[in-house]
2 protein chains.
Amino acid sequence: MSEPVRPLRADAARNRELLLAAAEEEFAERGPDSSVADIARRAGVGKGTVFRHFATKEDLIAAIVVQHLEPLFTAAQRLLTADDAGAALLEFLSVAADQRQQHDVSFLQSASENHTSVIELRDRLFNAVIELTDRAREQGSVRQDVTGVDIWVLICAPVHVVSYLPNPAPDQWRRYLAIIFDGLRPEGAHPLPQPAPTLT
Amino acid sequence: MSEPVRPLRADAARNRELLLAAAEEEFAERGPDSSVADIARRAGVGKGTVFRHFATKEDLIAAIVVQHLEPLFTAAQRLLTADDAGAALLEFLSVAADQRQQHDVSFLQSASENHTSVIELRDRLFNAVIELTDRAREQGSVRQDVTGVDIWVLICAPVHVVSYLPNPAPDQWRRYLAIIFDGLRPEGAHPLPQPAPTLT
DNA sequence: TACCAAGTTGACCGCCCGGTCCGTTTGCGG
DNA sequence: CCGCAAACGGACCGGGCGGTCAACTTGGTA
């Protein structure tokens, strides 16, 4: 079943990394309509080389998304072993926001929803967020009526709202994460008007 | 200085409305890359007619944005006369979210940032939000360290986070508006790590 | 060092986009 | 009801896109 994949040639491996880095920068700067030709130019390779490494533009996007989800998943797993689950949840949200602030490619997620590699990693990350949230709720660090799905959809909010500012400070998202997290705390919580959603 | 603009012919006026409605639907369903040809087809007119009414695609987008900002501004002005400024602010955020939930074209805002008509209306709306927020803060309905700019960037958040759900209930945004608004209340507020931003 | 598979390249293809243009149709004042 | 300006429609244009391919270069190995 398993294929004895030969290692990439040295120049090919280097070009692959150059391409991923260039594509990430290009998407972060120019948005979701960045062209493959521009990405190739930024990486200093021909356009044909892009398609040798990634069969379609969508495959390239999926590779970038995976590269972003991976360290997030690692962080989530590490934080699952922390004693203070509330602080762990807050730090996870900080790590996620900080990563997005550097290179915001969140708009690529929807363009790679069909790739199994993205789906698998995304689901594992989702489950880790559920666990983080459950632990924080059990310790009374967040309100009783908040679920992992709530946290899941709120991950992106701090960075997103900052994108409406003309020249935001690099850490501006911290202000809005703090506001939102205050809304998640048990103290002074008002009843929620809608039941918690699911992902199905 | 003023031009004696003749009234539109009956069919032209009707087509203009058809086009605006069709474009709004098309953008809401297909996203920011909807084509002018598809919009014309949905409106039941030729492509040339689109460009008779709106010189460029950007002009069409700006007209849609203005059509969305106008009722929002009206609502904000009305709510400025309410007694309970905290409830007024919450209702303004509800009106804004409810409108966006019906036809989310918020991604068009950035594509029409150069149009004076959009800029003027947006600035007037912004000032109204400042006033609404100042009144709510003075009445102690929201925390002392929150500003109108904070509210301004948070307007879009409830609808945005819901967009990450596969089949959201029409009122799902209310859950997240409630969470965020709890974070804006004075009770149990933790100090904010970053100063309030400005729009310049 | 000589060989060749692996890798690179950029011209090229078909497609679709925003925008133009002119021949045709139509609403409406006299 | 007539005449015409206003409005309409769709073929057409230049340009940029994702993706292909055949000629060329190069890294690793025997």
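Every chain is numbered from 1, with letters handed out A, B, ... down the list of sequences.
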Exercise for review: Would you indicate which nucleotide in D:dC8, D:dG19, C:dG7 comes nearest to any side-chain atom of B:Ala12?
Suggested key: D:dC8

**Study point:** Carboxylate-amine/guanidinium proximity below 4.0 Å for B:Glu91 and B:Arg78
**Key:** yes

Check your understanding: When you measure from the side chain of B:Ser35, which nucleotide among C:dG18, D:dG18, D:dC8 comes out closest?
Key -> C:dG18

Exercise for review: Look at the side chain of B:Arg9 and the base of D:dA6, then say whether one donor and one acceptor between them are separated by less than 3.5 Å.
Suggested key: yes

**Study point:** Nearest-neighbour nucleotide for the A:His53 side chain, D:dG18, C:dT8, D:dG10 considered
**Key:** C:dT8

Practice item. Mind calculating the distance between NZ (B:Lys47) and P (C:dC21) to the nearest angstrom? Key: 14 Å

**Study point:** Nearest-angstrom distance from the residue atom CG of B:Leu60 to C1' of C:dC17
**Key:** 15 Å

Check your understanding: Within this structure, what is the CZ-to-C1' distance between A:Phe51 and C:dC12, rounded to whole angstrom?
Key -> 14 Å

Exercise for review: Using side chain to side chain contact (heavy atoms under 4.5 Å, CB included) as the criterion, point out the one residue from B:Leu60, B:Val50, B:Thr56 that pairs with B:Val36.
Suggested key: B:Val50

Exercise for review: Whole angstrom is fine here: how far is it from CZ in A:Arg16 over to C1' in C:dT8?
Suggested key: 16 Å

Practice item. Specify the separation, in whole Å, of atom CZ of B:Arg41 and atom C1' of C:dC16. Key: 12 Å

Practice item. State whether B:Lys57 places a side-chain N or O below 4.0 Å from either non-bridging phosphate oxygen (OP1 or OP2) of C:dG18. Key: yes

Exercise for review: Report the residue (B:Asp33 or A:Leu8) whose heavy-atom-nearest nucleotide on DNA chain C is the more 5′ of the two.
Suggested key: A:Leu8

Check your understanding: If you pin A:Asp38 and A:Gly48 to their nearest nucleotides in DNA chain D, which one's is more 5'?
Key -> A:Asp38

Point to revise | Aromatic ring pairing B:His160/A:His160, orientation class (parallel under 30°, perpendicular over 60°, tilted between) | key: parallel

Point to revise | Carboxylate-amine/guanidinium proximity below 4.0 Å for B:Asp11 and B:Arg14 | key: no

Point to revise | Trace of the salt bridge (Lys or Arg N to Asp or Glu O under 4.0 Å) decision for A:Arg143 with B:Asp182 | key: CA-CA 11 Å; A:Arg143 52 202 293 175; B:Asp182 273 1; 3.0 Å; yes

**Study point:** Nearest-Å distance for atom pair CZ/C1', residues A:Arg52 and D:dA23
**Key:** 14 Å

Check your understanding: Counting side-chain heavy atoms from CB outward, which of C:dC12, D:dA7, D:dG9 is closest to B:Asp11?
Key -> D:dA7

Review point. Roughly, in whole Å, what's the span from CD1 in A:Ile39 to P in D:dC17?
Key: 11 Å

Exercise for review: Indicate, with a heavy-atom threshold strictly under 4.0 Å, whether B:Asn15 touches base, sugar-phosphate, or nothing.
Suggested key: sugar-phosphate

Check your understanding: Taking the side chain of B:Thr49 as heavy atoms from C-beta outward, which of D:dG18, D:dC8, D:dG28 is closest to it?
Key -> D:dC8

**Study point:** Rounded distance in Å - CG (B:Leu19) to P (D:dA7)
**Key:** 14 Å

